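Encoded as structure tokens, the structure appears first; notes follow it.
The structure presented is a predicted model; accordingly, all values stated were derived computationally and were not measured. Naming convention: chains lettered A, B, ... in sequence-line order (proteins, then strands); numbering from 1 in each chain.
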Number of protein chains: 2
Amino acid sequence: MRLDSGAGSRDSKHAAQVYRELVNEIPKATVVRLPRYLRLLEDLALSKDVVSSEELAAAAGANAANVRRDLSHLDFHGVRGIGYSVAELKARIRQELGIAERQRVAILGAGNLGRALANYGGLSRRGFDVVALYDTDVRKIGSKVGSITIQDLDLLDGDCTSKSFEIAILAVPAVAAQQVADRLVEHGIRSILNFAPVRVNVPEKVSVRQVDLSMELQVLSYYGSRL
Amino acid sequence: MRLDSGAGSRDSKHAAQVYRELVNEIPKATVVRLPRYLRLLEDLALSKDVVSSEELAAAAGANAANVRRDLSHLDFHGVRGIGYSVAELKARIRQELGIAERQRVAILGAGNLGRALANYGGLSRRGFDVVALYDTDVRKIGSKVGSITIQDLDLLDGDCTSKSFEIAILAVPAVAAQQVADRLVEHGIRSILNFAPVRVNVPEKVSVRQVDLSMELQVLSYYGSRL
DNA sequence: TAGATTGTTAATCGATTAACAATC
DNA sequence: TAGATTGTTAATCGATTAACAATC
């Protein structure tokens, strides 16, 4: 099937772009802005019924036209002259992000960072429940962080059904990261947030986002040093 | 001055692109890849003298042509048929990132996250020294985290010269973030890494990067839910 | 030389945005 | 109606990459 030169194609659109629209794929840049819109909508939910693309843009550090295009990718429509329904847009973005229901998160590694993350109340507030905290250190296993008991990482393998979770946060030392990631993948996990300062290799079906403190500081340093 | 139609311009280049080359600006996408190259180079420093664009690309999750173009933005040249000098490229990237010398970092907020960051050895290994840790809680002030004594945030204002730092890490509660950011800006800081789950407004001359756990999880959820 | 790898071009891709008709 | 704001087009921008001549 040829996708270009069809009735709906225009010279200003690339063939690949037309294809992505056909299969209803949302641009990556849009996906990363959705949580920013959502945050404003949650703040606004009690005070306003309607929000404009201008306000959403200010909250996300984007352009109003950009916002309108983003929302049109969701097939979400506002009212001309009025704006967008706060409640409806909030629900629509939650649905699109796959967080209409609460998500279960496991934290791997109960070091300083793992414990800090387990204690962080902001997760629950945004719909993420930390349901497990794993470590390999026998001195830590059994002790509690908040209401969560640290468990032996070896339990992971048998835990598939009883303690299932959708998302894993990797907070282990760099040397252990790949090994633990492999076990998570075996366990069927498809989303990993990696705080370890190494890239982990995973099958294509698994998505990983890495948060690397040193690299963030290095990028900051670049911009700080030339002003 | 017109920038297009000049002797050096070609139809395949946009006028804005030509301008950025004239003033020697490095593309943002390149800047964020430099730390990834640097990490590989540090790992390689003891074992290899030369590295290829192919290897650098694999480490950074980029394309080899992309790497070669990135390095040409640094005016850094390799040797055809051979590759790039590991030691020279490492030094060149450090210089470009403004981290030829060690950088001093202050952490604002000695809660779970602030203390976890202060304890994180990876920072020092990458050339960042945590020189101060501030909080407002009188029960925390004076106690130590590792070798650093928690100080009263009010000292920040008098501290300009004696305890100066180039980079600040914001690890305070959301409600305090803007206020503390304002004080940092007054203090003359130009680089802020913000872990608080709110955008902070700063003058244009200050750069901020935000790390927001919930938003990262929401983006992950999107990709995890459609596979 | 033959093989390897750079440096650069040209094309395409993906994202942004000004502008404005549509319309509440 | 007049004012406000959406939805969409068209242009441009910024980034990526295949391909290949240059050259070690």
salt_bridge([X], [Y]) N-O dist < 4.0 Å:
X	Y	result
Glu42(B)	Arg126(B)	yes
Asp212(A)	Arg36(B)	no
Glu88(A)	Arg92(A)	no

**Q.** Protein proximity profile, nucleotides 17-24 of chain D - base contact B, sugar-phosphate-only contact S, no contact -, cut-off 4.0 Å on heavy atoms
**A.** BBB--BBB

Rounded to whole Å, how long is the line connecting atom [atom1] of [X] with atom [atom2] of [N]?
X	N	atom1	atom2	answer
Leu89(A)	dT6(D)	CG	C1'	13 Å
Arg33(A)	dA15(C)	CZ	P	9 Å
Leu71(A)	dT5(D)	CG	C1'	13 Å
Phe76(B)	dT6(C)	CZ	P	11 Å
Asp70(A)	dT6(D)	CG	P	13 Å
Leu74(A)	dG7(D)	CG	P	11 Å
His73(B)	dT8(C)	NE2	P	11 Å

Let me check something: any side-chain donor-acceptor pairs from residues 55-66 of chain B under 3.5 Å, sequence neighbours excluded? List them with distances.
unit_1   : atom_1 : unit_2   : atom_2 : d
Glu55(B) : OE1    : Lys48(B) : NZ     : 3.1
Glu55(B) : OE1    : Ser52(B) : N      : 2.9
Glu55(B) : OE1    : Ser52(B) : OG     : 3.2
Glu55(B) : OE2    : Lys48(B) : NZ     : 2.6
Asn63(B) : OD1    : Ala65(B) : N      : 2.6
Asn63(B) : OD1    : Asn66(B) : N      : 3.4
Asn66(B) : OD1    : Arg33(B) : NH2    : 2.9

Q.
Please give me the minimum heavy-atom distance between Val185(A) and Lys205(A), naming the atom from each residue.
A. CG1-NZ, 4.3 Å

Q) Looking at Pro197(A) and Tyr120(B), what are the two nearest heavy atoms and their distance? A) CG-OH, 3.5 Å

Q: Apply salt bridge (Lys or Arg N to Asp or Glu O under 4.0 Å) to the pair Arg104(A) and Asp129(A), showing each step before the final yes or no.
A: CA-CA 5 Å; Arg104(A) 283 161 300 183; Asp129(A) 293 315; over 6 Å; no

Any [X] side-chain N or O less than 4.0 Å from OP1/OP2 of [N]:
X	N	value
Tyr84(B)	dA4(C)	no
Ser53(B)	dT5(C)	no
His77(A)	dT6(D)	no

Q: Mind checking the CG-OH spacing from Leu89(B) to Tyr37(B)? Nearest 0.5 Å is all I need.
A: 9.5 Å

Q | Nucleotide-level pairing of DNA chain D, given in dot-bracket where Watson-Crick and G-U pairs need both distances under 3.5 Å and | marks other strands | A | ..||||||||||||||||||||||

